[in-house]
There are 2 protein chains.
Amino acid sequence: MNDYDVQKDASDKYSLRGRVFNKIREDILSGKYAQSEELKENTIGVELGVSRTPVREALRQLELEGLVTIIPNKGAYVTGISEKDMHDIYIIRSYLEGLCARWACEHITQAQIDELEEIVYLTEFHAKKDHHEQIVELDNKFHETIYEASQSKILNHVLSDFHHYVQRIRKITLASESRAVNSNKEHSAILDAIKNRNGDEAERLAHEHIMNTIKNITDQGLSLYS
Amino acid sequence: MNDYDVQKDASDKYSLRGRVFNKIREDILSGKYAQSEELKENTIGVELGVSRTPVREALRQLELEGLVTIIPNKGAYVTGISEKDMHDIYIIRSYLEGLCARWACEHITQAQIDELEEIVYLTEFHAKKDHHEQIVELDNKFHETIYEASQSKILNHVLSDFHHYVQRIRKITLASESRAVNSNKEHSAILDAIKNRNGDEAERLAHEHIMNTIKNITDQGLSLYS
DNA sequence: AATGGTATAATTGTATACAATCAGACAGTA
DNA sequence: TACTGTCTGATTGTATACAATTATACCATT
């Protein structure tokens, strides 16, 4: 009757299921759950203050993403990803980001080019001042813009999926100022190739860009999965 | 304590949800549902003789696969895939199958090599006799074996996802005897490269193999999405 | 006729009830 | 002890109930 007891959780952008989904994924990727740990619907539901239903739906989605393995009538188990998996993801991305840059050459709009130029410019600025937060944000934006510029729903989808996995790593690598600067130079070169509609060059540079990221991490003795 | 060996190998009988999921996906890919058509949980449930619950779960999974778009509190709508999407999938696959063959060079077991040789041999036999059914089956097997030989969980996962989309096309292309023969010759060449542990060659051949498939379809005036 | 508001219906979101299945304990037997 | 069958509790699979939200139809007002 009275409209006062409405949900105060104003982030109506995400449904309950969406929030549960993100929470569990985050917990898996962050290592809160051990490998092969059983994820009980009821336990998680109680933990998050929701019923089993949204938890079930989230687990089914995570199964499709490969983070969870469901054995019928038995349970859901954490599959997680190993360091090798992370390495594989980077290699795969190096190919696909290359292809993506090539397609972007063919389909990019002037507005998108402008946006990329702005991103490169701003990154240069923030890199000097060591603004980690903004740098990571801009890095994401740069790649996402190229995903969209490829005008390939499928490729965008695949690369965006991987995005969740590499998110944490980006924060680490870009914390090094020198890498942030170099990374931005590479972005700038990729952008130039795209502006010149040089597909071969764009593909090659984007491919190398990812490979350099791997090299940077391993050179520092860091792990891709930390 | 004991590590619970989570088996992904799904010889599992499909749950209701699994069947509903496959059915809806099939119906979307086959064009039974029009683009942007609303998928009502209740309607589909009644149609398949199940309640809303498994239908909901299936729709949520399909959303993650990109075949369905869910607008919160409103409904689920068919996103489907266009002919361009199919073309993109083939191009993406050409890269990833190449990478997969490269990795297979590094990790393949003797048993898997034996299996591939058997597949090539049997395909040659069935191609002569125009046994479509078996040819398609063997074609699938060939590719899946290489996916596994790559020993990359991630790459296997991505390529297996695409598999569903190209399944229908394979049946069409391989119906042409000449293509079936040529395709098998290409398989044989890829296998040779893998046996010689020649990564560059294997990647190049596997890449070309997919590109030839596209060429074959378009040359026949066929569509990738039919 | 056009507009706007309200009641009503349809649909989704979540919670819960019940059935099916599975794991582990325990007792009986040899 | 080793084996085996049954019971019990726990957990998942599905169906259904109810709440929240959205769409639609209808009437009143202008």
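Computed from a predicted model, the values in this text were never measured in an experiment. Residue numbering restarts at 1 for every chain, and letters A, B, ... go by the order of the sequence lines. What's counted below: heavy atoms across the whole structure, side chains too, no hydrogens, waters or symmetry copies.
Between the P atom of C:dT14 and the CD atom of B:Glu41 lies a distance of 11 Å, rounded to the nearest Å. One interatomic measurement links the two molecules: CG of A:Asn42 to P of D:dT11, which rounds to 8 Å at whole-angstrom precision. Straight-line distance from the CD1 atom of A:Ile71 to the P atom of D:dG13: 11 Å, rounded to whole Å. Atom CD of A:Glu57 and atom P of D:dG13 are 13 Å apart (whole Å). To the nearest angstrom, C1' of D:dT12 lies 13 Å from CD of A:Glu63. At whole-Å resolution of the value, CG in A:Leu59 and P in D:dT12 are 9 Å apart.
Side-chain nitrogen and oxygen atoms of B:Ser51 include at least one within less than 4.0 Å of the OP1 or OP2 phosphate oxygen of D:dA15. The shortest distance between the side-chain N/O atoms of A:Arg56 and the OP1/OP2 oxygens of D:dG13 is below 4.0 Å. Distances shown here put a side-chain N or O of B:Arg60 below 4.0 Å from the OP1 or OP2 atom of C:dG13. Contact annotation: A:Lys40 side-chain N/O to D:dT11 OP1/OP2 distance is under 4.0 Å.
At distances below 3.5 Å, not a single donor-acceptor pair connects side-chain atoms of B:Thr145 with backbone N or O atoms of B:Leu116. Side-chain atoms of A:Asp139 do not come within 3.5 Å of backbone N or O of A:Val136 as any donor-acceptor pair. Judged by distance alone, with hydrogens and angles left aside, the side-chain atoms of B:Thr43 form no donor-acceptor pair with the main-chain N or O of B:Leu39 at under 3.5 Å.
Under the 30°/60° scheme for interplanar angles, the aromatic rings of A:His207 and A:Tyr95 are found to stand perpendicular.
Which of C:dA15, D:dA15, C:dC22 sits closest to the side chain of A:Lys74 comes down to C:dC22.
Between A:Arg52 and A:Asn73, the one whose closest nucleotide on DNA chain C sits nearer the 5' end is A:Arg52.
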